[in-house]
Structure formats: C-alpha cells, structure tokens
Amino acid sequence: PKKDQFGKLILLLRCKDVQIKDLSLIDSPSWTLHPVSCERLVIDGLYIRSSLKDGVWADGIDPDGCKDVRINNCTIETGDDAIVFYSMNWYGAATPCENITVTNCRLTSSSSAIKFCDGNMNAIRNVTIDNCVIRASNRGIAFMNFDGGVVSDVVLSNLTIECTRRDWFWWGDGDPIHFNIKRRSEVHKSIKPADDKNPAGKIKRVLITNVIASGYGSSICNGHPDSWLEDITLNNVHLTLAHDASAAYDKSKHALVFQKVKNLKLKDLSISWEGQYDKWESALVVEEVQGLQIDGFSGSSFSDKAATIRLNQVDHATIRNSTTGGMQPFLSVEGAKSKDILLTGNDLRFTKVPYQPGKGVPAGTVRLENNVTGK
C-alpha cells in the first residue's frame with residue numbers, strides 16, 4: 001500500500017471479522033475511520049466529533065471497497081462528510097463497496113451527511129440506510145459520481161433531514177437531496193478531457209421513502225448527457241424549501257429539479273415553502289425525462305407567473321391523484337420533444353388553469369381526463 005499522507009485516525013486494510021464498538025473518536029486530523037477492502041465489519045455505538053468549521057478533511061466513516069458492513073447507533077458531528085461510500089484504487093484495485101446497512105444514526109456535517117462518493121471507480125451497491133436523523137448539515141443525501149463507477153440498488157428510508165447553508169466554501173447549498181453524474185475532467189479543469197479515461201458513471205435503482213426534509217437550497221438531481229439517472233423513486237417525501245432573509249446569498253429557484261432521468265417515479269410527494277423570496281418559482285421541474293409517473297403530489301408554485309409542475313422535453317408521463325392549493329397553472333409543458341402526457345384524476349378546483357402549453361409543444365401532447373376543476 002501507498003503511504004497514508006492524510007493522517008487518518010483509524011485505517012483498516014483488508015481486514016475480516018472486525019468489530020469497532022462504543023468508542024469516542026475526537027478531532028481526527030483527517031478521515032476518522034477508513035476501512036479499505038474489509039469484510040464482515042461491524043461499527044456500533046461510535047461518537048465521532050470534529051470542528052464543524054475547521055475539520056475540513058475530517059470525514060466520519062468512509063468504507064472503501066468493503067462488503068458486509070453494519071453501521072449502527074452512531075452519532076457523527078464533523079466538518080466534512082459524515083458517512084461516505086468509496087470504491088477507489090488507492091490501496092490496490094478498486095473493488096465494490098456492497099452489502100451495507102446503516103441504522104439508527106444521528107448525523108451532522110458541514111458537507112454531506114450521507115454521500116455515495118464522487119470517488120467511485122468500480123461500484124457502490126446493495127445499500128440500505130434506515131431510521132436516521134440528519135440535522136444542521138450543508139447537504140443531506142448526496143449521490144455524486146465522477147470516476148466512472150456505478151451506484152445501484154440503494155434504499156434510504158425513515159429519515160428526517162434538516163439542512164443549513166454554511167458561510168464558507170463547500171460542495172452543497174443547504175440542499176436536502178442531490179444527484180450528480182460528471183466525468184472528473186468536467187469537475188476539475190486541471191484535468192484535460194483527453195486524459196480522462198473514465199466514462200460517465202451510472203446511478204440506478206434508488207428508492208427514497210418516508211422522508212421529511214427541509215433546507216435553504218434547491219434539491220437538484222442531474223444525470224449526465226452520456227449517462228442518465230435510471231429508475232429513481234421518491235415515495236412519501238415531504239420537502240420544504242426555506243429562505244433566510246439575513247443570509248448573504250440565496251441561489252435557490254425551484255424546490256425540486258430532475259434532469260436527464262429514465263423512469264422517474266414520484267409518489268405521495270409534497271412540497272412547501274417557508275418564508276418569502278422573490279426568486280422562487282415552481283415546486284417541481286422535470287426536464288429531459290423518459291417515463292415519468294407522478295401520483296399523489298401536493299403543493300403549489302411560489303410565483304404567480306410559474307406553474308406548480310413544469311415539464312420540459314418529457315416523453316411519456318402520467319400525473320394522477322394530485323392537488324394544488326395555488327391559483328397558478330398546475331402544469332406547464334415545454335419542448336418540441338415532449339409527448340404522451342396524461343393528466344388524470346387530479347383535484348384542480350383551486351387553480352385557474354390546469355394546463356399551460358409552451359411554445360413549440362405539439363397539439364395533443366397533453367390529455368386531460370377525469371380531473372376535478374373549479375369550472
């Protein structure tokens with residue numbers, strides 16, 4: 001293995017049948033606990049703390065190419081990411097990080113509380129995270145894939161997420177949910193595209209269910225032009241976008257945005273606003289998506305000039321059993337490639353316009369069936 005130049009507090013290389021339990025790990029100079037290529041690892045009852053301002057490299061727990069891992073009953077308060085999953089080649093060939101459960105944890109981070117890391121050359125898969133509290137974090141759940149690997153078969157359930165924007169540089173903007181696929185050369189301009197040998201990675205088969213989340217930044221979920229997100233489901237998620245009038249800046253515009261996705265399902269999703277901000281617009285924006293199901297949505301846009309749900313270049317969508325409390329248009333559709341959109345069984349009594357077509361949208365793109373309107 002290469003020399004570890006970062007000064008990690010605990011580094012485990014290729015270990016089996018390890019239990020780390022009931023420890024307090026305080027003020028690590030860099031990553032606190034970094035298991036690499038370990039099997040059958042139990043991490044239980046840890047208290048990990050570093051400065052939320054000065055612990056700029058002090059990740060909490062970073063499994064890297066490990067399998068059969070249990071992380072339970074931990075409290076992590078750290079200046080960098082709290083729990084991060086890697087699949088990198090720093091200590092040998094990159095191996096999958098897989099078969100992992102995280103339960104009953106409380107996480108606070110000045111970066112991301114839970115991160116499926118940009119450092120993924122092979123795979124991160126078969127991960128469940130349940131019954132956890134995230135509070136005072138700069139970003140809640142982050143899927144960031146920059147090195148060509150695959151993230152797949154992930155379930156995140158029964159979470160409360162509270163995000164607060166930090167006033168110094170970090171990835172994140174007080175956003176509860178974040179997806180992003182890029183090539184490393186698109187992130188670091190010092191790397192020439194011709195020297196970047198890894199293709200765009202993949203993120204697929206992700207379920208986020210039973211979540212209450214709030215934050216000061218838009219939740220933005222982007223695929224890549226060469227690798228769209230696949231089979232993403234949000235179920236029973238309540239999302240609140242807030243504004244702090246005393247903050248030096250606010251970049252938020254829409255509450256929740258999806259771009260470049262194949263097979264997106266949003267069931268029992270509710271979106272609300274907290275405070276007043278004149279730049280806010282739509283509750284939900286969906287762009288370049290093939291296969292969209294929205295069932296049981298509730299919410300309204302913030303701006304009188306914006307639709308509650310905005311679709312752009314969406315192919316094959318169904319919106320059903322949904323409601324809005326605003327007078328703004330419920331749905332707007334843009335893009336010449338938008339087609340086969342059905343609006344059915346929705347309660348639209350309080351909106352003036354159920355559907356607003358944009359320029360270039362072919363006639364017959366949207367069908368309205370069995371909706372309740374105020375007319």
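Predicted, not measured: the structure shown is a model, and the values here were computed from it. Note: hydrogens, waters and symmetry copies are ignored here, and every other heavy atom, side chains too, is used.
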Legend entry - Identified side chain to side chain donor-acceptor pair (under 3.5 Å) counterpart of T103 within the set D130, T128, N72, D44: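 Of the listed residues D130, T128, N72, D44, the side chain to side chain donor-acceptor pair (under 3.5 Å) partner of T103 is N72.
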Legend entry - Matching residue for E230 among K204, R205, Q290 - test: side-chain contact (heavy atoms from CB on, under 4.5 Å): K204
Legend entry - Partner of L33 by side-chain contact (heavy atoms from CB on, under 4.5 Å), out of L41, L11, D62, L46: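 Filter result, single survivor: L46.
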For residues [X] and [Y], determine if any side-chain heavy atom of one lies less than 4.5 Å from a side-chain heavy atom of the other.
{"X": "C105", "Y": "C132", "result": "yes"}
{"X": "I181", "Y": "I203", "result": "yes"}
{"X": "I71", "Y": "P63", "result": "yes"}
{"X": "T108", "Y": "I76", "result": "no"}
{"X": "S37", "Y": "D64", "result": "no"}
{"X": "L266", "Y": "L284", "result": "yes"}
{"X": "F330", "Y": "I309", "result": "yes"}
{"X": "L343", "Y": "N371", "result": "yes"}

Ignoring hydrogens and angles, tell me if any N or O in the side chain of [X] forms a donor-acceptor pair with the backbone of [Y] under 3.5 Å.
{"X": "S298", "Y": "S270", "answer": "no"}
{"X": "H254", "Y": "A283", "answer": "no"}
{"X": "T365", "Y": "P362", "answer": "yes"}
{"X": "N346", "Y": "T344", "answer": "yes"}
{"X": "D244", "Y": "S246", "answer": "yes"}
{"X": "T32", "Y": "L9", "answer": "no"}
{"X": "D175", "Y": "D173", "answer": "yes"}
{"X": "S157", "Y": "T209", "answer": "no"}
{"X": "D196", "Y": "S185", "answer": "yes"}
{"X": "N180", "Y": "M144", "answer": "no"}

Inset, instruction - Identify, with sequence neighbours excluded, every residue that meets ring pair (Phe, Tyr, Trp, His ring centres under 6.0 Å) alongside Y86. - result: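 By the ring pair (Phe, Tyr, Trp, His ring centres under 6.0 Å) rule, Y86 matches W31, W90.
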Other residues, nucleotides, ligands: >12 heavy atoms within 6.0 Å of [X] [atom1]:
{"X": "W273", "atom1": "CH2", "result": "yes"}
{"X": "K260", "atom1": "NZ", "result": "yes"}
{"X": "E186", "atom1": "CD", "result": "yes"}

Going hydrophobic residue to hydrophobic residue with side-chain gaps under 4.5 angstrom, can you get from [X] over to [Y]?
{"X": "L107", "Y": "I141", "answer": "yes"}
{"X": "Y355", "Y": "V289", "answer": "yes"}
{"X": "L368", "Y": "L311", "answer": "yes"}
{"X": "V353", "Y": "L342", "answer": "no"}
{"X": "L239", "Y": "I208", "answer": "yes"}

Inset, instruction - Look up atom CH2 in W57 and atom OG in S111, then write down how far apart they are to the nearest 0.5 Å. - result: 10.0 Å
Legend entry - N210 vs N158, side-chain hydrogen bond (donor to acceptor under 3.5 Å, both in side chains): CA-CA, chis, key distance, verdict: CA-CA 5 Å; N210 297 339; N158 302 314; 3.3 Å; yes
Inset, instruction - Fit a plane to each ring of H243 and W280, take the angle between them on a 0 to 90° scale, and name the class: parallel (under 30°), tilted (30 to 60°) or perpendicular (over 60°). - result: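 H243 vs W280 ring planes: perpendicular.
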Considering non-hydrogen atoms only, spot the tightest contact between [X] and [Y] and give its length.
{"X": "T95", "Y": "G65", "value": "OG1-O, 3.1 Å"}
{"X": "P35", "Y": "C38", "value": "CB-SG, 4.0 Å"}
{"X": "G325", "Y": "S300", "value": "N-CB, 4.3 Å"}

Under 3.5 Å, is there a donor on one side chain and an acceptor on the other for [X] and [Y]?
{"X": "T164", "Y": "R166", "value": "yes"}
{"X": "D147", "Y": "N120", "value": "no"}
{"X": "S28", "Y": "S50", "value": "no"}

Inset, instruction - Decide side-chain contact (heavy atoms from CB on, under 4.5 Å) for K305 and E281; before the verdict, give the C-alpha distance in whole Å, the side-chain angles of both, and the deciding distance to 0.1 Å. - result: CA-CA 8 Å; K305 299 179 181 180; E281 294 186 11; over 6 Å; no
Between [X] and [Y], is there a side-chain N and carboxylate O pair less than 4.0 Å apart?
{"X": "E369", "Y": "R367", "answer": "yes"}
{"X": "D68", "Y": "R40", "answer": "no"}
{"X": "R310", "Y": "E287", "answer": "yes"}

Inset, instruction - Take I48 and I61 through the test side-chain contact (heavy atoms from CB on, under 4.5 Å) and record every step on the way to the result. - result: CA-CA 9 Å; I48 295 174; I61 302 173; 3.7 Å; yes
Inset, instruction - Go through the steps to decide whether C74 and I43 satisfy the test side-chain contact (heavy atoms from CB on, under 4.5 Å), and finish with yes or no. - result: CA-CA 8 Å; C74 294; I43 300 169; 4.1 Å; yes
Legend entry - Reference residue F179; test ring-ring contact (aromatic ring centres under 6.0 Å, His included); the match among F116, F143, W228, F258: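 Exactly one candidate clears the test, F143.
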Legend entry - Contact list for residues 69-90, test salt bridge (Lys or Arg N to Asp or Glu O under 4.0 Å), sequence neighbours left out: E77-R106, D81-K115
Inset, instruction - Would you check, one step at a time, whether the test side-chain contact (heavy atoms from CB on, under 4.5 Å) holds for Q328 with F302? - result: CA-CA 9 Å; Q328 311 88 340; F302 189 83; over 6 Å; no
